[in-house]
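To start, the structure itself, in structure tokens.
Only a predicted model underlies this, so the values are computations on that prediction, with no experimental measurement involved. Labels below follow one simple rule: chain letters A, B, ... track the order of the sequence lines, proteins then strands, and each chain is numbered from 1.
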There are 2 protein chains.
Amino acid sequence: MGENVLGDELGDAVDDVEGRQAPLALALVDLSHLVLHLFADAGRAYDLTQQQTELLCAVIVRGRVRMNELGKILHLEKSSLSGLVDRAERRGLMIRTRDESDRRAYWVELTGEGIRLATQTHSDVTVRLDRMISHLSLDSQKRLTGVVNQITSAGARPDR
Amino acid sequence: MGENVLGDELGDAVDDVEGRQAPLALALVDLSHLVLHLFADAGRAYDLTQQQTELLCAVIVRGRVRMNELGKILHLEKSSLSGLVDRAERRGLMIRTRDESDRRAYWVELTGEGIRLATQTHSDVTVRLDRMISHLSLDSQKRLTGVVNQITSAGARPDR
DNA sequence: TATTGTTATACTCTATAACTATA
DNA sequence: TATAGTTATAGAGTATAACAATA
């Protein structure tokens, strides 16, 4: 849907100096919308919101997470995460267990039903993601992974 | 995740064990969270939510959009978009004008204040995005742009 | 009839502030 | 004091359904 127009206009507006990185910036934004929308699509079939789907997928790939860490992963305030987990727990998808070594903290893990839904939706997302990159050469895929990981680790710490 | 050690960004970061595309899928998901979170960060300084910021940025790069098209761009139901634009309009950031050639439709465009905020936040996002990729070689950036654009256009139409 | 958009409704999602309980 | 988490509150965001107006 009009990414040509987008590229042109944004290019004119933003890319002034030598490197014209604007197209890459825009490409990344579009890609990100697309990727995260996969969670919404995958969840819809199971009556899950995008946020619930992201939550399930974030937990299943880690097995067991502290609320604290989960908040950082999902970029959520602790109270927002509380509510999100509350609704998932109320629906029987996950449970909180106290960390006995630090009784302020809680571990979050999936129930059987949670694992079922998480597996399904996670697989859905991965399949669609794989399909999106399937036409790239293996070499391109490997290179892309490396570059993306670099960007992520650079962006994760907002230094300088 | 600590690839700081390597001197060059290309294949080195990725150990080429067989098949496993999971790292790429995961990397893309993490990246997407990071990228879209930039809108939230950029908007916060101006008391804008992530969605309002995305809305402003989507409109400013197009100048003038139909509600219909905007909904597709942002992946929103028409009623959801109605509310989003309502709040932006109520705040004096944009206005709806009737399309006289098709009186069912509306055009959305930014007010002066809307343009100001949109320019600021859009610039913020772009700057941070540029910073995230600034340490890649120019060649890598170009190649990455091409690959990302390929993925996006492949994912936009779910025709496998 | 089909399309473009709004309104009504009922949720979910989110951040801020104040709180409890551990450490 | 500092940290991990909850609760209260208020508002934003979202989808579904029903509706109006135009094509």
> Between D/dT22 atom P and B/Glu100 atom CD, what is the distance in whole Å?
Replying inline: 11 Å
>> For B/His135 versus B/Met132, what's the shortest heavy-atom pair and its separation?
In response: CE1-O, 3.0 Å
>> Going by side chain to side chain contact (heavy atoms under 4.5 Å, CB included), A/Leu28 matches just one of B/Leu38, B/Leu36, B/Leu31. Which one?
In response: B/Leu31
>> For residues 93-123 of chain A, which residue pairs pass the ring-ring contact (aromatic ring centres under 6.0 Å, His included) check, not counting sequence neighbours?
In response: none
> In whole Å, what is the span from the CG atom of B/Leu84 to the P atom of D/dG13?
Replying inline: 5 Å
> Between D/dT14 atom P and B/Leu55 atom CG, what is the distance in whole Å?
Replying inline: 10 Å
> Which whole-number value in Å describes the distance from B/Asp86 CG to D/dT14 P?
Replying inline: 13 Å
> Among D/dG5, D/dT14, C/dG5, which nucleotide sits nearest the side chain of B/Asn68?
Replying inline: C/dG5
> Rounding to a whole Å, what distance do you find between A/Phe39:CZ and C/dT12:P?
Replying inline: 21 Å
> Of the candidate nucleotides C/dG5, C/dT22, D/dA23, which contains the atom at the shortest distance from the side chain of A/Arg98?
Replying inline: C/dT22
> Of the nucleotides C/dA23, C/dA15, C/dT4, which has the atom closest to the A/Arg104 side chain?
Replying inline: C/dA23
> Do you know which two heavy atoms are closest between B/Ala58 and B/Arg62, and how far apart they sit?
Replying inline: O-NH1, 2.8 Å
> Between B/Gln50 and C/dC13, is there a side-chain N or O to OP1/OP2 distance below 4.0 Å?
Replying inline: no
>> Can you tell me if B/Thr49 touches the phosphate of C/dA15, counting only side-chain N or O atoms and a distance under 4.0 Å to OP1 or OP2?
In response: no
>> Students often get this wrong, so: under 4.0 angstrom with heavy atoms, is A/Arg44 touching a base, only sugar-phosphate, or nothing?
In response: nothing
>> So A/Asp99, base contact, sugar-phosphate only, or nothing? Heavy-atom distance under 4.0 Å.
In response: nothing
> Given C/dG5, D/dA17, C/dC13, which nucleotide is nearest the side-chain atoms of B/Tyr106?
Replying inline: C/dG5
> Under 4.0 angstrom, heavy atoms only, what part of the nucleic acid is B/Arg90 near: base, sugar-phosphate, or nothing?
Replying inline: nothing
>> The side chain of A/Ala105 is closest to which nucleotide in this list: D/dT14, D/dG5, C/dG5?
In response: D/dG5
> B/Glu77 has an atom CD; how far is it from atom P of D/dT16, in whole Å?
Replying inline: 6 Å
> What's the closest nucleotide to the A/Met67 side chain, out of D/dT22, C/dT7, D/dG5?
Replying inline: D/dG5
> Which sits closer to the 5' end of DNA chain C, B/Arg96 or A/Ser80, going by the nucleotide each is nearest to?
Replying inline: B/Arg96
> Which is true for A/Leu76 with a 4.0 Å heavy-atom rule: it touches a base, it touches only sugar-phosphate, or it touches nothing?
Replying inline: sugar-phosphate
>> Can you measure A/Leu74 atom CG to C/dT12 atom C1' for me and round it to whole angstrom units?
In response: 15 Å
> Want to settle it: does A/Leu81 or A/Arg103 sit nearer the 5' end of DNA chain C, counting the closest nucleotide to each?
Replying inline: A/Leu81
> Nearest to the side chain of A/Ser79 - D/dA17, C/dA15, C/dA23?
Replying inline: C/dA15
> So which pairs with a foot in residues 35-51 of chain B pass side-chain hydrogen bond (donor to acceptor under 3.5 Å, both in side chains), sequence neighbours left out?
Replying inline: B/Asp41-B/Arg44, B/Tyr46-B/Gln120, B/Gln50-B/Glu54
> So does A/Glu113 pair up with A/Arg116, basic N to acidic O under 4.0 Å?
Replying inline: yes
> Of A/Gln51 and A/Glu69, whose closest DNA chain D nucleotide lies nearer the 5' terminus?
Replying inline: A/Glu69
> In whole angstroms, how far is the P atom of C/dC13 from the CD atom of A/Glu89?
Replying inline: 15 Å
